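Below is one structure, written out as structure tokens; the observations come after it.
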Amino acid sequence: MAGESEPDKHAPATRLVTAGRKPEWTGPAVNPPVWRTSTHLYENCAALDAGRHINRDGVFHYGARGGPTQWALADALTALEPGAAGTMLYPTGLAAPVCALLAVLKTGDELLVSDNSYDPTRTFAQRWLKDFGVSTRFFDPLDVAGFAAMIGDKSRAVLLESPGSLTMEVCDIPALAATAKARGLAVLLDNTWAGPTAFAGIAHGADMSILALTKHVGGHSDLMLGSVTATPEYYPRLRRSSLQLGQQASPDDCALALRGLRTMDVRLRRSSESGLRLAEWLSERTEVAHVLCPMLPGAPGHDLWLRDFTGGCGLFTFVLKGRDEAARNRLIDALRLFGIGYSWGGFESLVLPIHPERDREVSAWPPANWDPADRHAVRLWVGLEDPDDLIADLDQAFAAIKLT
Ligand SMILES: *Cc1c(COP(=O)(O)O)cnc(C)c1O
């Protein structure tokens with residue numbers, strides 16, 4: 001699709017409701033039907049042949065290029081990113097950064113990755129890209145000058161994540177993106193924590209804004225999907241290479257994601273408010289050494305979050321004061337309302353024991369200025385339950401580890 005999306009002056013909450021609902025896709029219904037299709041039939045051979053030459057979004061060709069249900073979701077995500085030209089969809093969140101990287105890298109290139117990035121994306125770079133002759137170097141997510149000094153002749157792209165989805169460092173995205181662009185690097189941003197309504201990735205300097213739709217957009221722990229929304233400069237090559245890689249999302253999952261998108265604003269507000277309440281409560285507890293929640297005044301990254309973000313979500317990490325790993329795990333096991341498991345963004349609260357030290361390459365975990373005894377971390381996803389019930393649950397779990 002050529003050109004940028006038309007600037008829509010409405011607020012993000014309004015655009016979440018209106019985006020992607022083109023009458024030619026929805027018919028008289030509010031939502032587009034689920035178009036399950038592989039084959040698109042043509043009138044005759046001449047029409048089939050003519051169709052070959054029309055290769056753009058929103059035109060039927062073959063199921064691999066999607067149909068109206070997928071286009072409605074892609075279109076909505078494009079409309080939510082000022083400055084975007086188009087969006088590609090993927091069957092998982094992980095396939096999104098993977099395909100964004102494959103669109104811009106070739107053998108001999110170097111990729112720079114912020115050291116707070118999502119673990120499976122790091123693994124893809126360190127193993128798979130390495131085997132294809134692309135080297136990866138990591139940089140401290142808080143060190144803009146250090147990043148600038150690392151850029152070399154072979155550096156082709158930078159992958160950023162802010163806040164880091166385990167350790168919550170907030171990067172100075174505008175500064176990192178401007179530094180990278182001045183040297184001709186493609187800027188890829190995993191924007192899953194904030195999403196496009198709380199952080200406009202492209203407007204802040206990204207060339208591609210990446211989402212695990214599995215999280216906030218899906219919102220109900222019942223689907224896996226990813227997306228990459230790109231600028232006019234990068235969208236054509238992203239689209240070309242992703243189609244060559246055979247990437248497409250299921251129309252059923254896209255219909256669920258569209259349903260999730262419509263309520264995302266209220267869900268994120270509730271999760272943010274409750275998350276902040278839990279973060280405040282935890283920061284008063286004697287058992288807790290650090291609360292890593294950018295929305296919490298005084299927490300690491302709060303100033304940059306205030307400067308650059310218009311919202312947040314209830315995903316954050318806290319670190320126990322002293323204690324061992326077994327005590328951390330007993331605390332988690334004692335929780336009743338928080339499910340133990342991966343992912344986040346659903347209606348239900350989750351808890352996860354995390355091990356950031358296993359992934360770090362250049363920036364230490366725990367940070368060097370902490371008491372080294374404070375190291376066992378817990379990540380919370382705060383869902384839509386009543387926050388008083390969640391606090392009571394944490395309270396009884398802390399009581400349980402006091403006794404042992
Ligand atoms: C969950 C997540 C992904 C991957 O999404 P999946 O749908 O689980 O594959 C990518 N990036 C971030 C930051 C995530 O939190």
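This one's a predicted model, so the numbers in the text were calculated from it and none came from an experiment. Numbering of ligands and ligand atoms starts at 1, following listing order.
- Checked against a 3.5 angstrom limit, the closest N/O atoms of Lys215 and ligand 1 fall inside it.
- Aromatic pair Trp71/Phe60: centroids less than 6.0 angstrom apart.
- From the protein, the heavy atom lying nearest to atom 8 (O) of ligand 1 is Met224 CE, 3.5 Å.
- Looking at ligand 1, you'll find an N or O of Leu94 within less than 3.5 Å of one of its N or O atoms.
- Atoms of ligand 1 found under 4.0 Å from any heavy atom of Thr92 (numbered from 1 in listed order, with element): 7 (O), 9 (O).
- The closest protein non-hydrogen atom to atom 7 (O) of ligand 1 is Thr214 OG1, 2.6 Å.
- Within the listing of ligand 1, atoms 2 (C), 3 (C), 4 (C), 5 (O) sit less than 4.0 angstrom from a heavy atom of Ala212.
- A heavy-atom separation below 4.0 Å is found between Trp344 and ligand 1.
- Between Trp344 and His216, the ring planes lie perpendicular to each other; the angle is over 60°, past the 30° to 60° tilted range.
- Every N/O-N/O distance between Ser165 and ligand 1 stays at or above 3.5 Å.
- Residues Arg156 and Glu110 are not paired through a salt bridge, judged by the lack of any N-O separation under 4.0 Å between the basic side chain and the carboxylate.
- The heavy atom nearest to atom 4 (C) of ligand 1, considering only Tyr342, Trp193, Tyr90, Tyr118, is found in Tyr118.
- Between Trp370 and Trp365, the ring-plane angle classifies as perpendicular under the 30° and 60° cut-offs.
- Two rings, from Phe199 and His204, have their centers less than 6.0 Å apart.
- A salt bridge links Arg328 to Glu325: one of the charged nitrogens lies within less than 4.0 Å of a carboxylate oxygen.
- In this structure, Trp193 and Phe309 have perpendicular ring planes: the angle between them is above 60°, well past the 30° mark.
- Of all protein heavy atoms, the one lying nearest to atom 6 (P) of ligand 1 is Gly93 N, 3.4 Å.
- Arg239 has a carboxylate O that lies under 4.0 Å from a charged side-chain N of Asp57, or vice versa, which qualifies the two as a salt bridge.
- Closest to atom 11 (N) of ligand 1, if we only count protein heavy atoms, is Asp190 OD2, 2.7 Å.
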